[in-house]
Amino acid sequence: MISSLATLESQIQAEDLHDAASVEAFRIKYLGRKNGLLTDLFSQIGKIAPEERKAYGAAVNTLKQLVEARLTAAQAFVEAAQKQAVAQAIDLTLPGRMQPVGGLHPIRQTMEEIKRIFLSFGFGVAEGPEIEEDWYNFSALNFPPDHPARDMQDTFFVEAPNNENGGVVLRTHTSPVQVRTMQNTQPPIRIIAPGRVYRNETITYKSYCLFHQVEGLYVDEQVTFADLKQVLRMFAEAAFGVGVKMRFRPSFFPFTEPSAEVDIWWQNEDGSGRWLEILGCGMVDPNVLENCGIDSEKYTGYAFGMGVERIAMLRHGITDIRVLYENDLRFLEQF
Ligand code: PHE
């Protein structure tokens with residue numbers, strides 16, 4: 001009997017335990033409740049001669065320990081192998097997914113480009129608040145009290161006008177920065193003022209309730225309309241290329257006299273085209289200079305205010321202003 005146990009021991013040692021299935025089959029073969037080889041040997045203990053029983057029991061127990069030791073080792077091995085297989089299932093040669101990289105919005109890019117051009121002409125940069133007193137946005141700029149631009153249709157009011165003042169508004173243009181600059185500085189003044197402005201307008205393909213302007217102001221002795229034309233032509237050539245077609249059209253603003261608007265020729269691919277307005281400009285009205293404490297006998301100046309969205313649309317062939325405000329990545333990723 002003991003010698004057949006010895007055979008069983010070498011058989012247990014020789015079992016090939018290489019995967020989960022073979023480990024489980026091994027467990028059932030030796031320790032299964034029904035017909036497990038060791039289970040059977042334990043149940044036969046009653047048939048063993050009493051004087052041999054003790055040695056028999058000890059020998060079978062040793063075999064059981066051996067089976068259990070092999071089981072523990074094999075289970076650990078199988079688990080490790082499974083983990084390794086999962087790790088190897090990750091294909092390290094696959095190209096990684098790119099993290100999207102943020103970029104400057106086309107409006108910001110255009111604004112930076114306009115700034116770059118005017119800084120190269122020797123202009124400085126000034127800024128003012130977007131929430132503005134009526135006096136800066138309208139009165140100081142020579143808007144008569146009943147001027148239609150003050151109408152609720154165009155202006156977002158933050159504080160309603162009362163008997164003492166015109167109230168507080170979201171600035172409808174960057175021209176109030178002219179006023180603030182002239183109040184604080186004596187000529188020569190040569191600044192641009194980039195910023196956001198607001199108008200209560202119906203949203204269409206060409207107008208939005210907020211947009212961006214870059215204001216320009218040059219005040220010194222003997223500044224003339226010729227200087228204004230020259231600087232705007234230099235700007236247009238820098239922004240749109242030397243062959244750009246532009247025109248000055250007489251216009252009206254309460255704060256400039258004379259006034260003009262500048263159009264840029266938009267060439268379609270089929271050869272047709274049309275003029276697109278990009279800015280208003282003119283010679284600063286002497287009343288405005290005086291309102292800001294500047295001697296209008298001694299000094300003259302020019303001013304202009306350009307629409308950044310219009311320029312971005314021209315430069316990139318964008319036909320609907322609203323795409324600039326929808327934050328659609330498919331659009332923005334093109335810039
Ligand atoms: N502020 C004017 C506008 O918003 C533009 C402008 C600026 C015109 C400066 C003349 C001089 O339409």
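Order of listing sets the numbers, starting from 1, for every ligand and every atom in it. None of these values were measured; they are calculated from a predicted model.
- With respect to the salt-bridge test (charged N to carboxylate O, under 4.0 angstrom), the residues E132 and R180 qualify.
- A search for ring-ring contact (aromatic ring centres under 6.0 Å, His included) contacts involving H316 returns F335, not counting sequence neighbours.
- Surrounding CD of Q13 are more than 12 heavy atoms belonging to other residues, nucleotides or ligands, all under 6.0 Å away.
- Between V67 and L37, every side-chain heavy-atom pair lies at or beyond the 4.5 Å cut-off.
- When heavy-atom distances to ligand 1 are checked against 4.0 Å, the residues falling inside are H173, S175, Q178, R199, Q213, E215, F253, F255, T256, G280, C281, A303, F304, G305, ordered by chain and number.
- Atoms CH2 and OG, on W266 and S272 in that order, are 11.0 Å from each other to the nearest 0.5 Å.
- Between R116 and E112, none of the side-chain N atoms (NZ, or NE/NH1/NH2) sits under 4.0 Å from a carboxylate O, so this pair counts as no salt bridge.
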